[in-house]
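Some notes on the structure that comes next.
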Amino acid sequence: MPRKTSPRVATSLGCAPLRAMYRAAEKRKPSRWPEVEKEFLQAMWDFDQKFASGEANQGDNQNGKGDFFTDLIALLLENCSDKSLYGRGSVPGLIFPNHALDASYPQTGTVEVLVETKVAGAPKTLRNPSQKNPRGRMGSADLDKRIKEAGLKTIDLKAEWPRGAGKGGGPTNDLITWLRRSKPMSVLSMAIRVVDKNDLERTIHFANAAGQMMDAVGLVAYEPNPKNKGYHALKGPPHLELDRVLSRVCTALRNLP
DNA sequence: ACCAACAAACACGGGACGGC
DNA sequence: GCCGTCCCGTGTTTGTTGGT
């Protein structure tokens with residue numbers, strides 16, 4: 001049974017570029033990030049153009065973009081591992097009883113693998129006249145809060161595992177070390193539209209912070225081309241390369257029953 | 001050395017919508 | 001219908017620059 005994909009992307013007029021890209025990817029059966037990166041950036045560009053002009057609305061942006069990226073990442077992992085991933089709601093952590101998971105495995109019971117995604121960054125749009133920077137909002141603007149959210153989710157789920165297993169081994173006095181050897185495998189993949197060099201540095205800083213808490217963090221950072229036509233991906237540190245991170249997840253998935 | 005002007009960073013507060 | 005998560009908008013604070 002295939003993973004359920006975003007209804008917003010499937011139906012909304014404003015999300016047409018995202019929908020078209022996903023549909024095309026589905027047919028090509030890609031299993032690695034480099035196979036889809038160009039098309040992803042083009043789709044995001046086309047979408048952002050629509051968003052800037054008002055053709056795509058706030059709903060498309062907030063409920064389409066992020067889910068689209070989740071769908072795409074899940075598609076790659078499914079093709080690569082031959083496992084189905086699932087979005088899940090109400091998964092209990094140690095502290096909070098109801099976490100929602102973007103893409104995870106297996107479908108029920110204790111979570112083995114969790115993939116969270118974040119997308120951030122917006123062009124200057126008509127609905128935000130006060131945006132001064134013509135290149136748009138900084139992608140890193142909101143990362144502090146959102147990385148903290150993702151980190152807490154990871155910690156809470158990892159802390160819940162040993163409690164359920166009943167064999168000890170809960171959080172020790174060295175939190176980071178404990179997180180790294182604890183299940184579920186928890187990774188974050190981020191697609192961040194960046195406005196300048198500084199914005200990129202900040203984004204990498206937050207990605208590394210996330211990497212302290214989660215087992216792996218993948219980042220695709222991109223910025224508008226000089227002539228303001230299309231996006232190009234930016235180079236980050238190797239350990240944050242999305243392709244490497246997805247490979248690790250794929251291997252983990254393959255080794256699971 | 002001062003201070004105004006501008007920019008960057010931070011913190012908080014949503015609107016939108018799907019899942020339960 | 002509530003609740004949680006999606007990502008963005010904007011007022012306030014902190015930092016930087018450049019003129020006198």
Side-chain angles (χ1 to χ4, degrees), chain A residues 3-15 17-19 22 43-44 47-74 85-93 95-104 107-108 111 114-154 156-157 186 188-207 209-210 219-223:
Chain A
R3 183 178 167 280
K4 190 180 173 197
T5 55
S6 163
R8 181 81 189 195
V9 172
T11 57
S12 171
L13 204 59
C15 289
L18 307 180
R19 174 165 62 249
Y22 184 81
M44 291 300 271
F47 176 83
D48 280 347
Q49 294 301 107
K50 282 178 178 293
F51 185 42
S53 71
E55 201 180 331
N57 61 32
Q58 183 74 341
D60 295 325
N61 189 51
Q62 296 189 189
N63 298 90
K65 221 166 56 175
D67 290 345
F68 159 69
F69 184 55
T70 302
D71 290 342
L72 185 59
I73 293 295
L85 298 182
Y86 305 91
R88 294 175 62 176
S90 272
V91 175
I95 298 168
F96 293 101
N98 49 345
H99 291 287
L101 314 182
D102 286 343
S104 62
Q107 185 174 19
T108 57
V111 183
L114 164 63
V115 180
E116 289 289 301
T117 60
K118 301 281 175 202
V119 180
K124 181 171 163 55
T125 65
L126 288 175
R127 65 185 294 278
N128 181 14
S130 65
Q131 172 61 260
K132 280 189 208 159
N133 190 335
R135 287 166 71 82
R137 175 187 166 90
M138 286 207 304
S140 62
D142 205 31
L143 288 186
D144 182 79
K145 184 173 81 173
R146 293 170 62 196
I147 295 292
K148 284 174 183 170
E149 288 170 357
L152 175 60
K153 187 184 289 188
T154 288
D156 202 25
L157 289 170
S186 172
L188 176 67
S189 59
M190 302 195 292
I192 309 295
R193 179 192 187 274
V194 137
V195 143
D196 54 30
K197 191 83 189 155
N198 175 248
D199 195 15
L200 176 63
E201 291 306 317
R202 285 166 51 92
T203 298
I204 290 171
H205 162 78
F206 284 118
L219 167 70
V220 51
Y222 54 96
E223 71 174 353

*Pairs involving residues 47-56 of chain A, ordered by first then second residue, that meet salt bridge (charged side-chain N to carboxylate O under 4.0 Å, His left out) (sequence neighbours left out)*: D48(A)-R193(A), K50(A)-E55(A)
_Applying a 4.0 Å non-hydrogen cut-off, can you work out what G64(A) is touching in the nucleic acid: base, sugar-phosphate, or nothing?_
nothing
*asked:* If I take atom CD in residue Q58(A) and atom P in nucleotide dT5(C), what distance separates them, rounded to the nearest angstrom?
replied: 19 Å
*If you check the M138(A) side chain, which of dC8(C), dC6(C), dA9(B) turns out closest?*
dA9(B)
*Could you check which of dT5(C), dC7(C), dT10(C) has an atom nearest any side-chain atom of V119(A)?*
dC7(C)
*Whole Å only: how far is the CG atom of D67(A) from the C1' atom of dG4(C)?*
13 Å
_Any E116(A) side-chain heavy atom under 4.5 Å of T154(A) side chain_ = no
_Is the phosphate of dA9(B) approached by N198(A) (side-chain N or O, under 4.0 Å from OP1 or OP2)?_
yes
*For the side chain of K145(A), counting heavy atoms from C-beta on, which of dT5(C), dG14(B), dT10(C) is nearest?*
dG14(B)
*Nearest to the side chain of R8(A) - dC8(C), dA16(B), dA9(B)?*
dA16(B)
*To the nearest Å, how far apart are L18(A) CG and dC7(C) P?*
12 Å
_Side-chain touch L143(A)/I192(A), heavy atoms, less than 4.5 angstrom_ = yes
*Answer yes or no: does a side-chain N or O of K65(A) lie under 4.0 Å from OP1 or OP2 of dC6(C)?*
no
*Could you tell me whether N57(A) contacts a base, only the sugar-phosphate backbone, or nothing, with contacts defined as non-hydrogen atoms closer than 4.0 Å?*
nothing
*Minimum-distance nucleotide (side-chain atoms of A100(A) versus dG18(B), dT5(C), dA9(B))*: dT5(C)
*asked:* What is the distance, to the nearest angstrom, from the CG atom on N61(A) to the P atom on dC17(B)?
replied: 12 Å
*Out of dA9(B), dC7(C), dT10(C), which has the shortest distance to the side chain of R202(A)?*
dA9(B)
